*Asks:* 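Here's a structure for you.
Quick caveat: nothing in here was measured; it's all calculated off a predicted structure. Below, chain A is the first sequence line, B the second, and so on; all start at residue 1.
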Amino acid sequence: MSKKTSLFKLLALIAGLGLISGLLSTGLMAQEEVTEVVEAAVEAAPTPAEPDEDYLALVATYGATFDFFTISNLWTLIAAALVFLMHLGFATLESGLAQSKNTVNVLFKNVFIICMGLISYLLWGFNAMYPGDFNGFFAMGTPLTMADYGGTDFSYGGTGLCMTGWTDFIFQAMFAATAATIVSGAVAERVKLSSFMIFATLLVTFGYPVTGSWKWGGGWLDAMGFYDFAGSSLVHAFGGFAALACVILLGARKGKYLEGGKIKPILGHSMPLATIGVFLLFLGWFGFNGGSVLSAAPEAVSFVFVTTAIAAAAGGLAAIFVSWVVLKKPDLSMALNGILAGLVGITAGADSVTLYGSVFIGLIAGAIVVFSILFFDKIKIDDPVGAVSVHGICGIWGTVAVAIFQQEGGGFSFVTQLIGTLSIGAFAFIFSIIVFGIIKAVMGVRVSEEEEYEGLDIGEHGQEAYPDFQGATKG
Amino acid sequence: MSKKTSLFKLLALIAGLGLISGLLSTGLMAQEEVTEVVEAAVEAAPTPAEPDEDYLALVATYGATFDFFTISNLWTLIAAALVFLMHLGFATLESGLAQSKNTVNVLFKNVFIICMGLISYLLWGFNAMYPGDFNGFFAMGTPLTMADYGGTDFSYGGTGLCMTGWTDFIFQAMFAATAATIVSGAVAERVKLSSFMIFATLLVTFGYPVTGSWKWGGGWLDAMGFYDFAGSSLVHAFGGFAALACVILLGARKGKYLEGGKIKPILGHSMPLATIGVFLLFLGWFGFNGGSVLSAAPEAVSFVFVTTAIAAAAGGLAAIFVSWVVLKKPDLSMALNGILAGLVGITAGADSVTLYGSVFIGLIAGAIVVFSILFFDKIKIDDPVGAVSVHGICGIWGTVAVAIFQQEGGGFSFVTQLIGTLSIGAFAFIFSIIVFGIIKAVMGVRVSEEEEYEGLDIGEHGQEAYPDFQGATKG
Amino acid sequence: MSKKTSLFKLLALIAGLGLISGLLSTGLMAQEEVTEVVEAAVEAAPTPAEPDEDYLALVATYGATFDFFTISNLWTLIAAALVFLMHLGFATLESGLAQSKNTVNVLFKNVFIICMGLISYLLWGFNAMYPGDFNGFFAMGTPLTMADYGGTDFSYGGTGLCMTGWTDFIFQAMFAATAATIVSGAVAERVKLSSFMIFATLLVTFGYPVTGSWKWGGGWLDAMGFYDFAGSSLVHAFGGFAALACVILLGARKGKYLEGGKIKPILGHSMPLATIGVFLLFLGWFGFNGGSVLSAAPEAVSFVFVTTAIAAAAGGLAAIFVSWVVLKKPDLSMALNGILAGLVGITAGADSVTLYGSVFIGLIAGAIVVFSILFFDKIKIDDPVGAVSVHGICGIWGTVAVAIFQQEGGGFSFVTQLIGTLSIGAFAFIFSIIVFGIIKAVMGVRVSEEEEYEGLDIGEHGQEAYPDFQGATKG
Amino acid sequence: MKLVKAIIKPFKLEEVKEALSEIGIEGMTVTEVKGFGRQKGHTEIYRGSEYTVDFLPKVMVDIAIPDDVVAKTVEAISKAAKTGKIGDGKIFVLPVEDAIRIRTDEKGDGAI
Amino acid sequence: MKLVKAIIKPFKLEEVKEALSEIGIEGMTVTEVKGFGRQKGHTEIYRGSEYTVDFLPKVMVDIAIPDDVVAKTVEAISKAAKTGKIGDGKIFVLPVEDAIRIRTDEKGDGAI
Amino acid sequence: MKLVKAIIKPFKLEEVKEALSEIGIEGMTVTEVKGFGRQKGHTEIYRGSEYTVDFLPKVMVDIAIPDDVVAKTVEAISKAAKTGKIGDGKIFVLPVEDAIRIRTDEKGDGAI
Ligand SMILES: Nc1ncnc2c1ncn2[C@@H]1O[C@H](COP(=O)(O)OP(=O)(O)O)[C@@H](O)[C@H]1O
Ligand SMILES: Nc1ncnc2c1ncn2[C@@H]1O[C@H](COP(=O)(O)OP(=O)(O)O)[C@@H](O)[C@H]1O
Ligand SMILES: Nc1ncnc2c1ncn2[C@@H]1O[C@H](COP(=O)(O)OP(=O)(O)O)[C@@H](O)[C@H]1O
């Protein structure tokens with residue numbers, strides 16, 4: 001009872017404060033000649049401004065489609081920024097799922113990858129991936145020049161690539177580094193820093209653009225009718241299978257697989273960091289998929305937002321319930337992986353599957369990822385963050401799901417999709433086996449056992465992630 | 001002195017480096033046929049491109065308003081993404097204000113809520129909240145279909161709802177889950193996971209759309225002239241009063257209220273996490289309020305940005321100074337709550353109060369929240385994150401403040417606003433008392449005392465948030 | 001071998017699941033009258049909607065440029081939101097680089113600054129910085145009123161300032177607080193809270209608008225042909241030199257510089273927090289620079305995105321390799337500073353340097369920052385986060401770099417750039433020496449030695465950042 | 001002088017502290033530890049692999065006291081920390097040869 | 001009764017625990033500590049200033065045992081924790097006068 | 001052999017370490033602890049409720065040393081850790097029966 005009276009008093013207090021401030025504000029309003037905001041514009045109708053010369057010049061250049069071009073260009077830029085944020089998502093997810101003694105190392109790799117990725121894509125990757133006419137399998141890259149990208153207009157790509165060359169570059173550049181980031185998580189906690197940096201650079205510069213050109217550059221897969229909207233295969237399966245190759249060459253973390261087939265989990269050190277990572281990835285995916293519409297065409301972009309979000313949610317729910325049933329506990333790390341699985345799954349067909357197709361794609365991806373993680377652990381493929389399962393296996397799933405859940409009239413073939421995704425995965429795998437294999441032979445890819453035990457933060461960087469020890473303990 | 005010389009040397013060094021790199025770059029420029037970026041477009045004037053057929057088809061469909069429609073649609077999608085980010089804001093705020101032994105549990109609930117919220121809104125909520133013609137009080141939901149949402153154009157809602165059906169859905173879906181998230185924080189650290197999951201699902205699916213339909217669905221409150229721009233009442237007070245009901249049924253955390261009326265604070269475990277949460281919520285609110293304009297109309301959206309930011313800032317300042325005076329220390333957690341209070345307060349009238357009205361709304365909300373938190377603690381309503389005060393009490397304040405600080409000619413009635421907000425709060429409270437009450441009777445809503453002491457992370461999830469213990473300690 | 005068979009089984013499983021769900025979804029599709037999404041719009045061709053009256057009224061007001069105006073306005077608002085996020089970036093970066101015992105204090109200062117900054121810019125700063133006609137050196141501020149900002153249209157600024165007055169205000173307001181935030185990091189871990197709060201308020205309210213008006217307000221530097229696109233000098237060097245003044249007056253942290261010239265590093269407590277901060281700053285910079293185009297003009301905005309990202313990446317790489325060579329270890333904190341250095345460096349010329357100019361600007365900034373940090377430590381300027389080097393020194397570098405790497409026909413003069421940046425830095429330095437000096441004389445600027453040892457969190461706030469101690473230990 | 005080393009459940013710390021206050025003990029030092037004992041940890045699952053958490057969070061309280069209050073102290077702790085469930089913890093009594101209060105250089109029983 | 005206090009390398013904890021289990025010891029308390037010793041820390045660099053990390057992460061294991069198993073225990077720990085490299089750690093044996101199991105109030109050897 | 005257990009203010013650790021180095025002691029183990037004592041904590045406020053922080057951050061230094069250097073060690077610590085303000089901490093001296101260096105299996109004084 002007394003609770004209610006008190007509540008009432010509080011509400012009365014609010015009402016009272018309201019009256020006082022009402023009086024106050026009336027005074028103030030008088031002083032500032034309050035006018036209505038929106039109506040003012042219409043009623044007080046200032047004479048329509050003459051467009052200034054700058055604007056007329058722009059329209060003269062771009063024609064009547066200028067406004068739509070501008071919107072679309074802007075959207076793709078914003079999408080690029082969102083994809084950029086995915087790199088923070090990966091950095092936090094991977095460091096959260098690593099032990100604290102390897103945290104600086106994981107963060108460093110992610111910082112390096114985005115920096116290196118942008119520069120290498122500028123100097124080689126972009127032109128290797130979008131070479132114009134080429135043999136369909138492989139093209140050489142060259143540095144971007146200002147001349148090539150300074151004068152683009154609507155004719156560059158119509159509604160299908162409705163942006164300036166700069167925008168095209170920066171959006172694709174943000175994607176490019178992702179492949180290496182995926183590998184980064186899988187090889188965490190034992191890979192030698194310098195070897196990884198070399199491998200990541202080669203993968204992003206020379207590997208990724210090749211398969212990219214097969215489809216998005218207009219190569220043989222594109223000619224075949226293969227469809228991969230935003231990269232379930234071209235980005236995720238590519239990264240996942242590169243990761244698989246590296247993990248096989250690298251071997252498991254010490255102490256992970258014991259004699260007698262026992263598996264000893266090595267726990268990630270911060271669930272909040274990992275959760276932040278997945279939410280940021282989810283957010284970034286609106287740019288990853290939404291931006292892949294390559295214009296702001298309202299229905300396409302909004303439908304992609306819906307399928308992306310729905311598949312992610314379905315993936316999360318499926319992983320929650322599957323892990324609850326199979327593992328007996330509602331596992332947060334599985335829920336997080338389930339969301340990512342749903343996102344990877346929907347990426348290939350976000351614009352072209354049915355609405356409830358996206359639900360099923362997510363649900364199935366969320367289930368697959370749980371079993372896939374268990375499976376890879378069983379065959380002793382030690383992947384600390386589940387990158388192979390999330391990106392590799394669900395990337396394949398998403399690509400073939402385009403054929404299964406396509407909208408009426410889509411005309412996608414299950415077989416073509418399967419050929420495409422397996423070719424891409426195979427290329428990534430073989431490229432990585434060779435390149436990482438050579439690096440292994442030449443300079444080694446693994447830190448010493450001692451360094452692995454002591455942690456790569458001290459070993460590679462001489463720095464701790466959480467060096468604080470209640471006051472000054474360093475001399 | 002020597003400092004200055006050194007500084008001078010450093011500046012000289014910069015100048016030197018500048019010269020060298022100038023030379024370098026001149027060489028490079030020659031190679032790449034440098035052209036100016038913007039001017040080139042105008043001067044070299046490529047013949048204006050013919051708009052391609054896709055574009056002409058789009059314009060044929062949408063008419064002359066196509067570009068405005070596209071911008072508006074895009075903005076609402078971006079706003080949806082920002083509202084999505086608020087779920088990360090809640091996840092980090094709530095986990096930061098919880099003890100570390102309950103952190104996984106708090107994060108898990110937030111992950112579940114967004115996944116569940118999207119799916120349940122797809123299958124039921126959206127159509128229950130926006131039913132078209134209905135009795136004004138309650139409508140049945142149905143699953144979305146592609147047919148209903150695939151062909152929307154400007155005629156769907158003019159400048160008042162300037163977006164595709166998909167956009168409309170995803171924007172509203174992101175809102176829907178918020179109500180449950182608010183409850184999540186209030187019941188943290190002792191609620192049984194499965195019971196909460198069931199309650200949250202029922203609340204989002206069946207509770208939230210009802211009051212939503214009263215106003216935004218065109219129901220009885222709308223008919224009465226009640227105004228709630230972006231949901232001070234429909235989202236925040238709704239969530240806050242649902243939270244109040246749950247907290248009353250659930251009881252306080254063990255050890256919070258001691259005999260003799262002494263209150264023992266249970267401290268949140270990470271202030272950085274909590275701060276991250278509030279900044280993300282502040283950011284997300286630009287989408288929450290700004291997106292509620294439902295178009296990109298320049299004056300409306302920009303005015304909403306200003307009032308939103310100003311009220312948040314004023315709320316933060318008020319809470320800082322009030323807590324400094326009342327509690328003698330500048331309290332970070334109160335400052336954070338003050339910002340949120342200002343944001344909740346401005347939500348109902350962000351587009352229709354005066355500029356300095358937004359300052360007062362924020363200031364008063366920031367003051368209210370401090371006293372409200374003290375008050376609820378005094379009456380032993382144990383709300384670990386202050387959700388009832390921030391969302392419930394400031395939600396009421398914001399709703400009535402629309403009438404107090406309205407722009408000239410607004411015509412909002414204090415009484416109508418009060419009736420509206422109290423009806424919504426009352427519905428949320430009663431719905432929750434009944435539903436959570438039944439769950440309590442049937443399966444219990446609280447973990448065992450022992451589990452509460454040991455922490456819900458181990459108890460519900462068998463997982464720790466920070467399991468690291470300098471190396472391998474798990475077998 | 002067995003690995004491969006198992007992998008094959010997994011793929012088979014996916015294919016199987018795919019078939020099942022294909023069947024499932026076909027059933028579902030039938031029920032929901034699947035229609036294609038994009039084509040439907042065109043084929044089923046609803047009669048183009050008549051634009052409603054609201055829209056016609058808007059166009060009547062704004063003229064034919066309405067759509068472009070709307071896009072541009074929206075972009076600047078989104079950019080403002082991104083700049084807002086930079087404040088979270090600063091909060092996390094600075095708290096990550098502080099000791100845990102000072103974390104609450106660092107966070108609190110950042111929360112205060114953004115709140116105070118917005119309000120003070122509303123009441124004084126905006127009108128002092130953009131005064132219209134004035135003497136070119138100093139103008140008085142006045143509170144914003146609704147009348148001035150409610151009716152703006154395209155005529156407000158053409159394509160050069162293509163937004164409503166509200167947008168103009170909120171974008172600039174988000175910038176304003178940045179100057180104080182830069183200082184905040186430099187004086188961390190020993191500054192007295194109340195003194196800092198007063199100083200920050202005076203700096204943002206009265207200091208920042210003065211130099212701002214010199215260039216962006218159309219003052220004497222603008223007249224001279226000085227160029228600073230988005231604020232390498234006006235924001236960053238300003239903040240950096242204000243920070244330098246404060247640090248000189250404040251003195252080093254106890255125990256940092258030992259007798260015999262030995263320097264004892266005081267390590268930041270959380271590398272993940274610091275990394276989150278830098279990624280968020282990088283993201284926010286797309287708004288900081290991209291929004292400074294002040295319209296959505298496609299080529300300008302997209303080129304700015306590219307130069308911004310490329311300079312940041314180059315800065316990161318340079319700092320990585322320079323620190324690796326000079327310090328022998330790949331230093332994460334230096335890599336992070338390098339990214340920021342690149343961003344500060346490109347800020348002055350993001351729209352007007354050449355493409356490879358942005359690479360060099362970033363590379364050189366990344367190198368400068370490493371040496372500058374070493375240098376300031378050597379002369380015993382104790383700057384915990386490197387703010388003076390990152391913002392001050394690289395701000396100067398970026399400003400003169402505009403002249404060095406300008407596009408053909410740019411016409412920027414090295415001398416003018418140098419005069420401009422040094423004038424701005426000098427003003428910030430002198431303003432701060434005087435104001436902070438007076439505060440020091442009147443009320444002191446430093447906490448007691450004891451408080452410094454025990455930490456400012458307990459001393460100033462009576463609150464710990466990480467109070468958790470495995471269960472309830474507070475009574 | 002003795003050092004009483006009590007390993008208890010974390011949430012019992014407050015009660016133990018109060019029980020000690022009541023019998024006039026006004027100094028102690030507390031450490032977060034992980035305990036391994038009969039209270040066999042739960043079997044948990046991380047990403048699908050089962051493992052046993054043997055190391056459970058405990059709190060260790062070190063209290064230096066004069067010989068004559070040992071019994072009383074042990075009893076007070078024991079009573080306050082008991083839940084009757086496995087894992088309640090242990091108390092060890094160690095001999096202490098000397099104690100010094102740093103601030104005053106006092107020695108012996110007077111120092112604690 | 002004795003308290004065996006072993007300071008070991010963190011990643012050796014598991015092996016030590018298993019070695020102790022094998023000889024029938026089923027209780028211990030573990031603390032995260034930082035050690036300073038001959039294993040002179042690395043010289044590190046933070047933002048350009050060199051410093052030595054003298055304090056290295058170690059784990060301290062406290063085990064209370066009856067007198068007669070001391071030798072066996074020390075040997076088991078020593079064997080399991082040895083890497084042969086500097087910094088392997090120390091074992092100290094301290095006398096314990098009494099032990100109490102809080103749950104049952106058992107005393108002496110039976111309590112551990 | 002003795003175990004000197006010093007509980008000091010955290011920011012004094014470095015000075016204590018240096019003081020010990022000067023008298024030739026080159027090994028120690030440090031633990032972060034929370035101390036409760038005469039230095040009654042501050043009254044703080046969290047979201048409006050007052051509470052007392054009794055547990056203050058301290059650092060505990062464990063040093064095993066031969067009997068003959070105990071006095072010197074205690075003095076060195078005491079001098080280095082003193083601020084003269086309440087809460088400076090305590091030093092306890094405990095008997096140690098044996099010490100083993102894990103790496104070499106050395107025993108006794110030679111092991112420390
Ligand atoms: N022999 C021992 N030496 C040191 N600590 C011990 C020993 N046995 C138990 N402990 C500590 O006491 C705690 C409780 O012991 P446990 O055997 O689980 O239950 P109980 O105290 O009910 O017998 C353990 O978690 C551990 O920290
Ligand atoms: N005298 C001592 N007292 C307490 N702990 C010590 C002592 N000497 C060494 N330690 C601990 O033992 C650890 C290993 O010692 P160290 O001298 O580095 O190598 P080693 O054990 O090979 O001789 C140190 O890190 C420290 O924790
Ligand atoms: N009886 C005791 N047993 C164990 N530790 C103690 C005891 N008394 C004090 N301490 C430790 O010493 C620290 C300082 O003691 P305190 O009484 O506050 O000041 P002082 O050392 O100046 O007497 C405490 O915080 C606590 O960690």
*Asks:* Can you tell me which portion of D:I112 sits under 4.5 Å from chain F's heavy atoms? Options are side chain, backbone, both or neither.
*Replies:* both
*Asks:* Would you say CD of F:E97 has more than 12 non-hydrogen atoms from neighbouring residues, nucleotides or ligands within 6.0 angstrom?
*Replies:* yes
*Asks:* Do D:D98 and F:K2 come close enough that some side-chain heavy atom pair is under 4.5 Å?
*Replies:* no
*Asks:* Rounded at 0.5 Å granularity, tell me how far CG in F:D88 sits from CG in D:D105.
*Replies:* 10.0 Å
*Asks:* Do F:K5 and D:V96 have side chains that get closer than 4.5 Å, going by heavy atoms?
*Replies:* no
*Asks:* For the interface with chain D, which of F:P95, F:A6, F:A81 has the highest count of heavy-atom pairs at distances below 4.5 Å?
*Replies:* F:P95
*Asks:* Report the distance from atom NZ of F:K90 to atom CD of D:E106, rounding to the nearest 0.5 Å.
*Replies:* 7.5 Å
*Asks:* Would you mind telling me which of F:V74, F:V93, F:V4, F:L94 has the largest number of heavy-atom pairs within less than 4.5 Å of chain D?
*Replies:* F:V93
*Asks:* How far does CD1 of F:I7 sit from CG of D:D62, to the nearest 0.5 angstrom?
*Replies:* 7.0 Å
*Asks:* Taking side chain as everything from C-beta outward and backbone as N, CA, C, O, which of these in F:K79 sits under 4.5 Å from a heavy atom of chain D? Side chain, backbone, both or neither.
*Replies:* neither
*Asks:* Nearest 0.5 Å, what's the CG-CZ distance between D:L13 and F:F36?
*Replies:* 9.5 Å
*Asks:* Any chance you could measure D:T31, atom OG1, to F:K34, atom NZ, to the nearest 0.5 Å?
*Replies:* 11.5 Å
*Asks:* What is the distance from atom CD1 of D:I102 to atom CD1 of F:I77, rounded to the nearest 0.5 Å?
*Replies:* 7.0 Å
